[in-house]
Amino acid sequence: MSTVQQRSAQAREAHKVTLVGAAVDLVVGLAKLIAGWLVGSAALIADGIHSFSDIVTDIFVIAATHFGRQAPDHDHPYGHGRIETLATLWLGGMLIFVAGGIAWASLTRLLAGDVATAPGLWAIGVAVIALLAKEWIFRYTLRIAQRIDSRLLEANAWHSRSDALSTLVVLIGLLAAQIGIGWMDAAAAIVVGVMVGQVGGRLLWESGQELVDTALPEQDQATLYDAAMAVPGVEGVHDLRTRRIGGEVLLDLHIVVFPRVTVSEAHEIGNEVSRRLRDVYPNLFDVTFHIDPQDDAGETEHSLRPGLPLRADIEGILNEAWHGLSVWHDRVALDLHYIDDHVDVSIYVHSLPEGQDLDDAARTLREASHSLAWVGRLRVWQGPGKS
């Protein structure tokens with residue numbers, strides 16, 4: 001399955017579970033309102049309104065998962081996962097708001113000595129059914145959230161759990177009122193408010209960490225490092241950096257290879273590293289690797305250092321230094337290797353001037369270019385060279 005197809009499938013799963021949750025919220029909310037109105041329970045009526053507020057959240061989650069799971073485009077080359085992150089922040093804030101409201105209202109009732117009246121078994125039965133329905137949708141939503149690795153869906157699951165907990169508080173209050181202990185409703189609600197607030201705080205913290213590009217846990221980074229180092233041809237790995245966007249992980253790293261391999265071989269080594277990394281960490285969305293001919297970890301960024309001449313300039317400089325040497329004019333290929341702040345030069349020729357061997361030719365070239373401080377190792381090779 002391609003990345004686009006996987007995103008679409010995940011979005012469909014998220015929409016399905018959220019629509020099921022919205023249907024449950026609608027039925028449960030109506031049942032609470034009707035039961036509360038019939039038995040005169042203000043707690044049940046308030047809890048019914050709470051259930052209806054979840055429908056607004058469900059609509060918000062559907063919109064966020066729809067746009068957040070879309071493929072990257074021109075304006076968003078890294079995808080739209082931050083939409084889910086922002087939505088999770090909003091839901092975390094909503095949970096804290098709901099928790100504060102539950103705790104404050106319950107504390108006010110407790111201090112005021114407000115005692116609930118006996119509601120009857122019918123209202124208690126409605127509360128039990130509502131509690132079971134909300135707990136089921138919490139578990140269903142959380143299971144899908146963990147499967148598609150969606151913090152937003154996880155936040156919505158806990159929002160459903162907050163409604164279940166508030167219903168539990170109402171149920172405790174109804175049962176206590178039925179046997180004449182009316183103050184227990186308010187006391188239990190304060191505890192539930194603290195629990196819901198903790199969940200909201202955790203979601204806010206995790207989403208905030210994602211927004212500031214916090215790296216994966218050290219154990220996960222070590223796993224990725226070991227997988228990269230295990231690839232044949234990899235001499236070293238450094239500057240391995242990770243960050244999250246939504247439920248996906250972005251990774252970039254520097255791969256050290258033998259300095260004289262071809263560009264295509266080095267690139268294929270990097271491709272194999274990418275494949276191994278995706279095998280050990282399937283949530284990797286994007287892998288960017290930089291090939292290094294030597295380990296330059298901790299050194300000054302190359303773009304901030306003086307540069308060495310490139311091929312076009314080097315050919316002109318060498319042509320000026322070696323214009324009188326036949327071995328230079330008879331070359332069939334020229335290889336350049338940028339190593340240790342020098343340029344190693346390899347010249348390929350079909351044949352050498354009469355009476356001159358490879359060492360003599362190299363020595364002559366070296367003497368003629370002694371003033372070029374950037375020239376490193378200099379070699380002359382005899383053979384077909386490059387086509």
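What's counted below: heavy atoms across the whole structure, side chains too, no hydrogens, waters or symmetry copies.
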Q. Tell me the salt bridge (Lys or Arg N to Asp or Glu O under 4.0 Å) pairs involving residues 287-310, sequence neighbours left out?
A.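 Of all non-adjacent pairs touching residues 287-310, those that pass salt bridge (Lys or Arg N to Asp or Glu O under 4.0 Å) are E299-R305, R305-D341.
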Q) What pairs meet the salt bridge (Lys or Arg N to Asp or Glu O under 4.0 Å) rule with one or both residues in residues 214-240, with sequence neighbours excluded? A)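 The answer is none; no pair qualifies.
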For [X] and [Y], work out which heavy atoms get closest and say how close.
X    : Y    : result
S274 : V287 : OG-CG1, 3.6 Å
V28  : A130 : CG1-CB, 3.6 Å
A227 : L277 : CB-CD2, 4.2 Å
V237 : A228 : CG2-CB, 3.8 Å

(Q) With a 4.0 Å cut-off on N to O distance, would you call D335 and R260 a salt bridge? (A) no
Q) Would you call K16 and E13 a salt bridge, taking side-chain N to carboxylate O under 4.0 Å as the test? A)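 Answer for the salt bridge query: no.
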Going by atom type alone, with no hydrogens or angles, which donor-acceptor pairs under 3.5 Å involve a side-chain atom of residues 355-364 and a protein atom two or more places apart or on another chain?
unit_1	atom_1	unit_2	atom_2	d
D357	OD1	D359	N	3.2
D357	OD1	D360	N	2.7
D360	OD1	R363	NH1	2.8
T364	OG1	D360	O	2.9

Hey, does the side chain of [X] reach the backbone of [Y] with a donor-acceptor pair shorter than 3.5 angstrom?
X    : Y    : result
T141 : A157 : no
S369 : L372 : no
W322 : L365 : yes
R278 : R275 : no
H329 : S326 : no
E135 : A164 : no

Gap separating the [atom1] atom of [X] from the [atom2] atom of [Y], nearest 0.5 angstrom:
X    : Y    : atom1 : atom2 : value
L216 : R243 : CG    : CZ    : 11.5 Å
T288 : H290 : OG1   : NE2   : 12.0 Å
L334 : L318 : CG    : CG    : 7.0 Å
R143 : F138 : CZ    : CZ    : 11.5 Å

Q: Decide if the gap between the ring center of F289 and the ring center of H267 is smaller than 6.0 angstrom.
A: yes
Close side-chain approach of [X] and [Y], heavy atoms under 4.5 Å:
X    : Y    : value
I339 : Q294 : yes
T242 : L250 : no
L251 : R241 : no

Q.
If only side-chain N and O atoms count, and only distance matters, is there a donor-acceptor pair under 3.5 Å linking S346 with D344?
A. no
Q: Decide whether a cation-pi geometry holds between R331 and W328; the criteria are a distance under 6.0 Å from NZ or CZ to the six-membered ring centre and an angle within 45° of the ring axis.
A: yes
Q.
Just checking W381: does its CH2 atom have more than 12 heavy atoms from other residues, nucleotides or ligands closer to it than 6.0 angstrom?
A.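 Open: at most 12 neighbouring heavy atoms sit under 6.0 Å from CH2 of W381.
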Q.
Using the rule that Ile, Leu, Val, Met, Phe, Trp and Tyr join whenever any side-chain heavy atoms are under 4.5 Å apart, tell me whether V20 and I129 fall into a single cluster.
A.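 Not linked; separate clusters.
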